[in-house]
Amino acid sequence: MGNTTVVWFRRDLRVTDHAPLARAARRGVVIPVFIFDRALLHHPETGSARVAFLLMALAALDRDLHRLGGRLILRSGDPVEVLPQLVAATQAEGIYAYTDCERIYGRVRDARLNQTLAQRGMKIRWFEPPASLDELIPYPRYRELWYRAMAQPLEPVPPRVTVPPDLASDPLPNLAALGHQSDGKPIPPASTRAARRLLQEFLTDKADRYYWQLSYPGAEATSGLSPHIKFGVISVRECVQTVLQATDGGDSRRRRSHQQLIARLRWGCGFTQRFRYLPQLELRSLYRVFDDEGWEFDPELYRAWQTGQTGFPIVDAAARCLQATGGYLALNFRSRAIYASFLSNLAGIDWRYGALHFMRHLIDGDCPIDHYQWAMQSGVTHCVDKTWTRIYNPGQVAVDRCDPEGVFIKRWLPELADVPTDQLGQPPPRSNYPAPILDYKAARQRRVQQLEAQRGQLLKATNLVPYLAPLPPDLTPFGTDLYGGEVSWAAAPLPQLFPPPLPLAELNASEAKALRTWFVAHVNILPAKPRRSKAKAPNVDPPLQQLSLLTDWP
């Protein structure tokens, strides 16, 4: 029957465009395995709705493997123990798997797995996802590499996947068996077929308006693909090629929307590549000054922000939408940005508390995308060559700009259903809705002064390395003190991460220059000027506005 290979599925739950599976199937017998890992299932940032989506995706992967003559083998436990046991039990020649840089824990686990396998004389071959690389290159070169990688042919679906018939599999568990309870969010169908259907529906029904309606939360113009991409139910490359092959019928609106969706797919990969270089971005701000000088924390204000009781309707609508839906379709990038900016820029609360809350609720929660955008909206990341930052005005200007008909706000705040739209920014006092919890102008001014002082220490620096936050010695996930979790791995002696991060202390001048290109603007966008038309008013107060290159996810 040929060689036997274990294929370890992680965030790549598909049979199409899957290099490890395709190569293993060509070699001979395949052991397709997924391992339920408590350190991830009970990470402080894990949300039960996302676990529910994962379970549906695993069921779909098993069905797809059955169509190819195979099946998915399920195990539970520490992969560093489970995988060597599986290799020995099946007499496999080795393991094939994609690298994964989403979490520091995953890179600690994979480093330990490499050590254990080497000690036992076992082999593992790591495959790089398209457009993922160890080498430090300037961002413009990465952008070119990404387009080349997306143009490569998809890995073909194996004609057959042969799995040993006598190899036992654990049953697919339910949420309760994994230590989670449903929080009531509706879970979208999770399968490659469902993802392809969403993409086709986007191309048919939304592409004529996607580019223009991204800022309107009530429009629900997003593709809905993000949960599927987070778990690799469909590959980014398949999405890109499907969009490129779609006709725009000569319609410039569709053409712009196609380009915009592809750009956002690229940006998502770019976030992951930044984490590949600097895994500390999971735990810290990019520049040490922002965390070394500390943040304020007001628990009452934080709870009001979480539960939608700030007295700013567009913020509170976003809060309730996130908790009710998991955000993947109904909470678009503009809503997320306004909601995020309020917490850090106006409430003065550490962006990591916001990222933690999002990740516990987002069905499409992806750590690099979530954390990087949170840090950026808080003004602590994309600022080395800019003197201004985006601070959203959450009052009437935000309503006029993003929800002029009040559709989004009134859907999630039914107690304001009778309020005229021109008063939704600051509703008249009423018994069933709170007054504003802070003074916008005063809070904004405090943040402006704070950012100006902090940025003055690094603004225009040609070498960022001395200002970057290093990987902390304690890798305990943020939020453990609030929510607990399976974090004992962080207390054990830690190996070098795999894939390894950039050795910041060893970078030469040329490498430092290349790294800098990942954290500057590559187009010259100036702060917005005020507009006269109320319906078109910007929802930021000039002259302070931050570049919005990386603030959307499809």
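What you see is a predicted model, and the numbers here were worked out from it, not measured in a lab.
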Is the gap between the ring centers of [X] and [Y] under 6.0 Å?
X      : Y      : answer
Trp518 : Tyr142 : yes
Trp489 : Tyr105 : yes
Phe271 : His371 : no
Phe498 : Trp126 : yes

Evaluate Arg276 against Ser132 for side chain to side chain donor-acceptor pair (under 3.5 Å), listing each step before the verdict. CA-CA 8 Å; Arg276 176 73 175 266; Ser132 175; 2.7 Å; yes
Hey, what do you get for [atom1] ([X]) to [atom2] ([Y]), rounding to the nearest 0.5 Å?
X      : Y      : atom1 : atom2 : answer
Gln306 : Arg360 : CD    : CZ    : 9.5 Å
Gln273 : Leu133 : CD    : CG    : 4.5 Å
Phe478 : Leu356 : CZ    : CG    : 6.5 Å
Cys367 : Phe275 : SG    : CZ    : 4.5 Å
Asn114 : Gln119 : CG    : CD    : 11.0 Å
Ile187 : Thr325 : CD1   : OG1   : 10.0 Å

Trace of the side chain to side chain donor-acceptor pair (under 3.5 Å) decision for Glu128 with Thr99: CA-CA 6 Å; Glu128 290 285 0; Thr99 61; 3.2 Å; yes
Contacts of Phe358 meeting ring-ring contact (aromatic ring centres under 6.0 Å, His included) (sequence neighbours excluded), chain-then-number -> Tyr339, Trp374
For [Y], does its backbone N or O pair with a side-chain atom of [X] as donor and acceptor, under 3.5 Å?
X      : Y      : result
Arg14  : Asp64  : no
Tyr302 : Tyr353 : yes
Arg444 : Leu346 : no
Gln280 : Ala469 : yes
Arg334 : Arg401 : no
Arg75  : Leu86  : no
Trp351 : Ala340 : no
Asp291 : Ser285 : yes
Ser48  : Gln181 : yes
Arg352 : Leu283 : yes

How close do [X] and [Y] get, counting heavy atoms only, and between which atoms?
X      : Y      : value
Pro470 : Arg288 : CD-NH2, 3.8 Å
Arg107 : Pro279 : NH1-CB, 3.7 Å
Leu65  : Pro32  : CD1-CB, 4.0 Å
Pro84  : Leu117 : CG-CD2, 4.0 Å
Leu225 : Cys239 : CD1-SG, 4.2 Å
Ile409 : Pro313 : CG2-CB, 3.8 Å

Side chain to side chain donor-acceptor pair (under 3.5 Å) for Gln450 and Arg447? Distances and angles first, verdict last. CA-CA 5 Å; Gln450 181 185 39; Arg447 183 60 173 161; 2.6 Å; yes
Among Asp170, Val7, Leu172, Leu54, the one residue meeting side-chain contact (heavy atoms from CB on, under 4.5 Å) with Phe34: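 The single option meeting the side-chain contact (heavy atoms from CB on, under 4.5 Å) with Phe34 is Leu54.
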Let me know which of Pro501, Pro500, Pro495 forms a side-chain contact (heavy atoms from CB on, under 4.5 Å) with Leu497.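 Between Leu497 and the candidates, side-chain contact (heavy atoms from CB on, under 4.5 Å) is satisfied uniquely by Pro501.
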Side chain to side chain, [X] and [Y], heavy atoms closer than 4.5 Å:
X      : Y      : value
Leu468 : Leu286 : yes
Tyr433 : Asp316 : yes
Phe53  : His228 : yes
Lys185 : Tyr328 : no
Thr381 : Leu281 : no
Phe9   : Leu58  : no
Leu199 : Leu261 : yes
Leu41  : Glu486 : no

Pair Thr222, Arg264 - check side chain to side chain contact (heavy atoms under 4.5 Å, CB included), show working. CA-CA 11 Å; Thr222 55; Arg264 278 157 176 75; over 6 Å; no
Arg193 atom CZ, neighbour heavy-atom count above 12 within 6.0 Å: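 It does not: Arg193 CZ has 12 such atoms or fewer within range.
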Heavy-atom count check: over 12 atoms from other residues, nucleotides or ligands less than 6.0 Å from Gln309 CD? yes
Less than 6.0 angstrom from the centroid, inside 45 degrees of the normal: does Arg50 satisfy that with respect to the ring of Phe231?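 Checked: cation-pi criterion not met.
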So that I can tick it off, tell me whether Asp37 and Arg103 are bridged by a salt bridge, with the cut-off set at under 4.0 angstrom between side-chain N and carboxylate O.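 Answer for the salt bridge query: no.
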Check the pair Leu83 / Val33 against side chain to side chain contact (heavy atoms under 4.5 Å, CB included), numbers first and verdict last. CA-CA 9 Å; Leu83 286 167; Val33 63; 4.1 Å; yes
Might you work through the side chain to side chain contact (heavy atoms under 4.5 Å, CB included) test for Asp12 and Leu21, ending with a clear yes or no? CA-CA 10 Å; Asp12 48 351; Leu21 178 64; over 6 Å; no
Check salt bridge (Lys or Arg N to Asp or Glu O under 4.0 Å) between Glu102 and all other residues, then give those that pass, not counting sequence neighbours.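 For Glu102 the salt bridge (Lys or Arg N to Asp or Glu O under 4.0 Å) partners, ignoring immediate neighbours, are Arg11, Lys230.
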Would you check, one step at a time, whether the test side chain to side chain contact (heavy atoms under 4.5 Å, CB included) holds for Phe297 with Asp350? CA-CA 7 Å; Phe297 184 75; Asp350 190 334; over 6 Å; no
